[in-house]
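Each remark here refers to the structure printed beneath this line.
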There are 2 protein chains.
Amino acid sequence: MAERGRPRKFDREEALGRALELFWQKGFAGASLSELTAAMAINPPSLYAAFGSKEALFHEAVSLYGRTESPEIWLAMEEAPTAREAFDGFLRATAFSFTQPDKPRGCLIVLGALHADDTGSEAVCAALRKMRADNVTDLAARLRRAVDDGELPAGTDCDGVAAFYVTVQQGMSIQARDGASRETLLAVADGAMAAWDGLTGGTSTRGSTTDAAPRP
Amino acid sequence: MAERGRPRKFDREEALGRALELFWQKGFAGASLSELTAAMAINPPSLYAAFGSKEALFHEAVSLYGRTESPEIWLAMEEAPTAREAFDGFLRATAFSFTQPDKPRGCLIVLGALHADDTGSEAVCAALRKMRADNVTDLAARLRRAVDDGELPAGTDCDGVAAFYVTVQQGMSIQARDGASRETLLAVADGAMAAWDGLTGGTSTRGSTTDAAPRP
DNA sequence: CTCCTTTTTTATCGATCAATACATAAATCG
DNA sequence: CGATTTATGTATTGATCGATAAAAAAGGAG
C-alpha cells in the first residue's frame, strides 16, 4: 500500500526531536505553540495533523526522551554485578547525562511538569509523576534482588534506600538546571555513595554508620 | 500625619499570605491573575495598587516565605553546637517543613520558578536561583566554621559536602510534591546523614559524631 | 486528464493572559 | 461645607494562548 495524498514535507522524527529539546528546556507549559512550531519549522496545522495536540506531542517527546536519554542512565542498574556498583554507576551516569554540553540541563521527567495545574496539564503532570514513582520502584527492586543474592542484609530497608537515592538524583536535576558543573554532580554522587555502607550495611535504624566508603 | 484618602478595605498581609499560598502551590507562571485575585478576595486594580505587579507581588510573597517558613529550617544550622547536629537538624526540619498538612508540599524557592523563560519570569527565576545558590554558600560556611573549630579535618571539601546536602534537600522538594510522607523524607534525611562520616573526614572522627540527634 | 486523499499555507477562532480606564465611594484637610 | 486623595467595582485593553477553517497544492488511483 503506497502513500496516498500529498506527502509530508518535514521529517516527523526530526520535528519531534526539536519539540523534545524545547519541552526539555522550558517545560510543558513553558513551551508555547508558537515556539514549538518555530523550533519544528512547521505550521500549527501540520503539528496537529501529525501529533494530535500539544499534550500528545509532549507524551511522544517524553517517549523519545525515554528511548534516547534514559538507557544511558539505567544501563548500570541492570548490568552491574553488584547493587553497590549499580547505584554508583546510576548516579555517575546521571551526572553525565544531566550535564551534556549541547542539551538542556537536568531531567525532562523531573522538570517537565511539576505543577499539577499548569494550563490543563494535570494528565501530563500525573504521567511524569508516575514515571518518577516507577523509578523508585525500580531502584527498590534492584535492592531486593541484592538482598536475595545475599549481597545486602535481610533487614535492609529497600524502599527507604531507594527513596534516598532517587531523591539525590532528583536534586541533581535542580542543581544541573542551576548550572552545577559535571564535577560538582559527580561529587554529589560520591557523597550519596558514601552513605551506602551505613544505609545497607546493618540493621541500624538511624545514623549508625560503619566506616567510610572510598570510591574504587 | 494620618492616612489620607479612602482606607483600604482588605488586610494587606492577609492578602499577601493568600498569594503566597497560591504561588507556593502553583508556581509563579502557574498562578494566574484571576486565580490570585480570587484567592486574595480583591479585584485586579486593588492588587496593582497595593503590590505593583504580579512579579512584585511574587517577590513580596517570597520574602514572606523567607520570614515565616525558612527560619524553622535554618534554626538548627545556626544554633546546633556541632556541624553534624546542624546538618542533621537542617534536614529533619526540612522534612517537617515540606510536609505540613495545611500547606503546599515542598519549597517555594525550589518549585516557584524553575524554567527561566516562563512568561517574562527571567528576573523571578534568577532571584530564586540566587537564593538557592546562597543556601549552598551558607552550608559551606557552616562547614568551614567546623573546620576552624577542629570538628572537621582541614582537608574537608566543604563546597562538595555543601553541594551534596543542598542537592538532597532540593530533591526532597520534588519528593514532597510527589506525595512522599514525612516518614519517607525523614528516612531520606537519615540516609544523607549516613554519608556524614565518609564525607567529612573519612578518617575515624567517630568520637565526635556518635549519637547526638534528638528527636523533635 | 479527472477524482480522491492528504498536507500545505494563510488567516484566523474564542479563551485567557497580565495589566488599566473610568467613574464612583469613602476617608481627611482646609 | 467643598476640595483633595486614595481605594473600589466594573468593564475592558492589546497580546498571546492552544487549536482550526478554508482553500490551494501535491501526490496516487481510475
Side-chain angles (χ1 to χ4, degrees), chain A residues 1-16 18-19 22-23 25-61 112-113 115-125, chain B residues 1-16 18-19 22-23 25-61 112-113 115-125:
Chain A
M1 50 183 287
E3 321 129 358
R4 311 229 332 190
R6 179 173 178 171
R8 184 176 285 133
K9 205 194 212 171
F10 63 96
D11 186 288
R12 195 180 186 278
E13 282 302 306
E14 182 182 339
L16 180 58
R18 302 288 183 86
L22 197 67
F23 279 133
Q25 180 188 345
K26 317 187 78 169
F28 172 74
S32 70
L33 245 302
S34 56
E35 291 173 310
L36 283 166
T37 53
M40 301 165 81
I42 59 176
N43 297 114
S46 297
L47 190 155
Y48 282 87
F51 299 99
S53 68
K54 184 189 178 186
E55 179 177 333
L57 172 63
F58 181 80
H59 286 303
E60 279 207 51
H115 301 292
D117 16 42
D118 286 347
T119 316
S121 65
E122 297 180 23
V124 165
C125 185
Chain B
M1 52 190 297
E3 323 128 0
R4 307 237 328 193
R6 178 173 177 173
R8 184 176 287 129
K9 203 187 199 176
F10 63 96
D11 185 290
R12 193 180 187 278
E13 283 302 307
E14 182 182 339
L16 180 58
R18 304 288 183 88
L22 197 67
F23 279 134
Q25 180 188 344
K26 316 188 73 166
F28 172 74
S32 71
L33 222 45
S34 57
E35 290 173 310
L36 283 166
T37 53
M40 301 164 81
I42 59 177
N43 298 113
S46 297
L47 189 154
Y48 282 88
F51 300 99
S53 68
K54 184 188 178 186
E55 179 176 333
L57 173 63
F58 182 80
H59 286 303
E60 278 206 52
H115 301 293
D117 16 42
D118 285 346
T119 317
S121 65
E122 297 180 23
V124 165
C125 185

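Chain identifiers are assigned alphabetically (A, B, ...) following the order of the sequence lines, protein sequences preceding nucleic acid strands; residue numbering begins at 1 within each chain.
Side-chain contact between A:Leu33 and A:Tyr48 is present, with at least one heavy-atom pair separated by less than 4.5 Å. You'll find the side chain of A:Arg18 stays beyond 4.5 Å of the side chain of A:Phe10, heavy atoms only.
For B:Arg6, there are no side chain to side chain contact (heavy atoms under 4.5 Å, CB included) partners, not counting sequence neighbours. Legend: residues meeting salt bridge (Lys or Arg N to Asp or Glu O under 4.0 Å) with B:Arg8, ordered by chain and number and at least two apart, are absent.
At whole-Å resolution of the value, CZ in A:Phe28 and P in D:dC17 are 13 Å apart. If you take CZ of B:Phe51 and P of C:dA19, they are 14 Å apart, rounded to a whole angstrom. The CD atom of A:Glu35 sits 7 Å away from the P atom of D:dC17 (whole-angstrom rounding). Between the CG atom of B:Leu36 and the C1' atom of C:dT16 there is a distance of 14 Å, rounded to whole Å. Between A:Glu55 atom CD and D:dA19 atom P the separation is 9 Å, expressed in whole Å. Atom CG of B:Leu47 and atom P of C:dA19 are 9 Å apart (whole Å). Note: NZ (B:Lys26) to P (C:dA18) measures 11 Å, nearest angstrom. Atom P of nucleotide C:dT6 and atom CZ of A:Arg12 are separated by 16 Å, given to the nearest angstrom.
B:Leu36 and B:Ala31 get closest at one heavy-atom pair: CD1-O, 4.0 Å.
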Contact state string [nucleotides 8-14 of chain D, B base, S sugar-phosphate only, - no protein heavy atom under 4.0 Å]: SBB----
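The shortest distance between the side-chain N/O atoms of B:Ser53 and the OP1/OP2 oxygens of C:dA18 is not below 4.0 Å.
Note on ring orientation: taking the six-membered ring where Trp is involved, the planes of A:Phe28 and A:Phe23 are parallel (angle under 30°, cut-offs 30° and 60°).
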